[in-house]
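A short write-up of the structure that comes next.
Computed from a prediction, not measured in an experiment: that's the story for all the values here.
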Amino acid sequence: MSSAIKATSPVIQKIGSPMETIATTGAEDCPFEPSLWDDFFVTYAPSISQRSEKWMRERAAHLKKEVRRMFDAHNGLSVTNALILVDVLERLGIDNHFEEEICAVLCRVHSEKQEFDNSKELHIVALRFRLLRQHGFFVSTDVFNKFKEGC
């Protein structure tokens, strides 16, 4: 009776590394070939040059503070530089971290309409137009009239 139990229960024998195991079922032997990867993934230890998740989170928090300082100094920042900063943050896809700061800058830009009425730079006028429109502010298309030929 004990021989019948041994014949049906699987037995695993460990030979060397974790990947070199042989499973047997009583009467017949079914050896598995060792993996080409050996036990690389089982014993993997990241190199010293790779940073921990904690370090990366701390670094991200530090960089967010630096960007917020840029916005806090936005009163000293020209309107043009503020628009460029907002544009860069949106293009990088990290504007969601600075929604309040961006809203404050765009409210300031929208209220300082006079500065852009005198601007001769199409790029800056177009950037102001696009950012304000994207964020729900009304800006007339008349701001582009001065760039048309013959006007």
Side-chain angles (χ1 to χ4, degrees), residues 9-25 29-151:
S9 63
V11 177
I12 297 178
Q13 299 173 339
K14 185 168 177 141
I15 294 176
S17 71
M19 301 307 284
E20 295 174 352
T21 57
I22 298 175
T24 61
T25 56
D29 288 340
C30 298
F32 294 101
E33 293 192 24
S35 170
L36 295 175
W37 295 101
D38 198 36
D39 59 350
F40 174 78
F41 292 109
V42 176
T43 61
Y44 176 73
S47 66
I48 296 171
S49 65
Q50 290 181 343
R51 304 295 179 139
S52 68
E53 184 176 347
K54 180 183 175 187
W55 179 88
M56 287 188 274
R57 289 188 190 280
E58 289 171 359
R59 178 80 173 135
H62 173 72
L63 292 174
K64 286 179 191 177
K65 285 180 187 175
E66 282 188 32
V67 173
R68 285 197 173 89
R69 276 191 224 123
M70 290 177 177
F71 277 115
D72 289 342
H74 80 273
N75 293 330
L77 208 76
S78 71
V79 176
T80 302
N81 287 339
L83 284 173
I84 291 171
L85 178 60
V86 170
D87 184 46
V88 166
L89 292 174
E90 287 185 355
R91 288 176 185 267
L92 288 173
I94 57 174
D95 58 312
N96 59 317
H97 297 284
F98 310 102
E99 289 175 351
E100 293 174 15
E101 292 87 351
I102 289 173
C103 184
V105 166
L106 292 177
C107 287
R108 177 180 151 222
V109 168
H110 188 257
S111 67
E112 295 181 9
K113 180 180 175 187
Q114 191 113 14
E115 184 179 326
F116 285 96
D117 288 342
N118 299 328
S119 179
K120 296 188 181 349
E121 293 183 47
L122 176 61
H123 169 70
I124 299 303
V125 172
L127 182 61
R128 176 185 178 265
F129 179 81
R130 179 180 62 83
L131 287 174
L132 289 174
R133 282 277 183 107
Q134 265 184 331
H135 289 271
F137 293 93
F138 174 75
V139 182
S140 174
T141 57
D142 294 340
V143 296
F144 297 110
N145 286 344
K146 62 185 167 194
F147 297 106
K148 290 182 181 177
E149 290 185 35
C151 290

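- Residue E66 places its CD atom among more than 12 non-hydrogen atoms of other residues, nucleotides or ligands, all under 6.0 Å distant.
- Side chain of H135 to backbone of C107: no donor-acceptor contact under 3.5 angstrom is found.
- Taking every heavy atom of both residues into account, L83 and L131 meet most closely at O-CD1, 3.5 Å.
- Remark: E90 pairs with no residue by the salt bridge (Lys or Arg N to Asp or Glu O under 4.0 Å) rule, at least two apart or across chains.
- One distance of note links CD of E121 with OG1 of T80; it measures 6.5 Å at 0.5 Å rounding.
- Once rounded to the nearest 0.5 Å, the distance linking CZ of F98 with SG of C103 reads 15.0 Å.
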Take F147 and V125 through the test side-chain contact (heavy atoms from CB on, under 4.5 Å) and record every step on the way to the result.
-> CA-CA 10 Å; F147 297 106; V125 172; 4.0 Å; yes
Steps toward side-chain contact (heavy atoms from CB on, under 4.5 Å) verdict (F71, I102) | CA-CA 8 Å; F71 277 115; I102 289 173; 3.9 Å; yes
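- Expressed to the nearest 0.5 Å, how far NZ of K64 lies from CD of E101 amounts to 11.0 Å.
- Listed by chain and residue number, nothing satisfies the salt bridge (Lys or Arg N to Asp or Glu O under 4.0 Å) test with D95 (two or more places apart in sequence, or in another chain).
- Taking both residues in full, the closest heavy atoms of L106 and L132 are given as O-CD2, 3.5 Å, listed atom of the first, atom of the second, then distance.
- With values rounded to the nearest 0.5 angstrom, E99 atom CD is found 12.0 Å from L89 atom CG.
- Each of L127, V79, V139 was evaluated against V109; a single residue qualifies, V79, per the side chain to side chain contact (heavy atoms under 4.5 Å, CB included) test.
- Interatomic distance, CZ of R128 versus CZ of R133, reported as 11.0 Å (0.5 Å rounding).
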Quick one: do E58 and H62 satisfy side-chain hydrogen bond (donor to acceptor under 3.5 Å, both in side chains)? Show the steps, please.
-> CA-CA 6 Å; E58 289 171 359; H62 173 72; over 6 Å; no
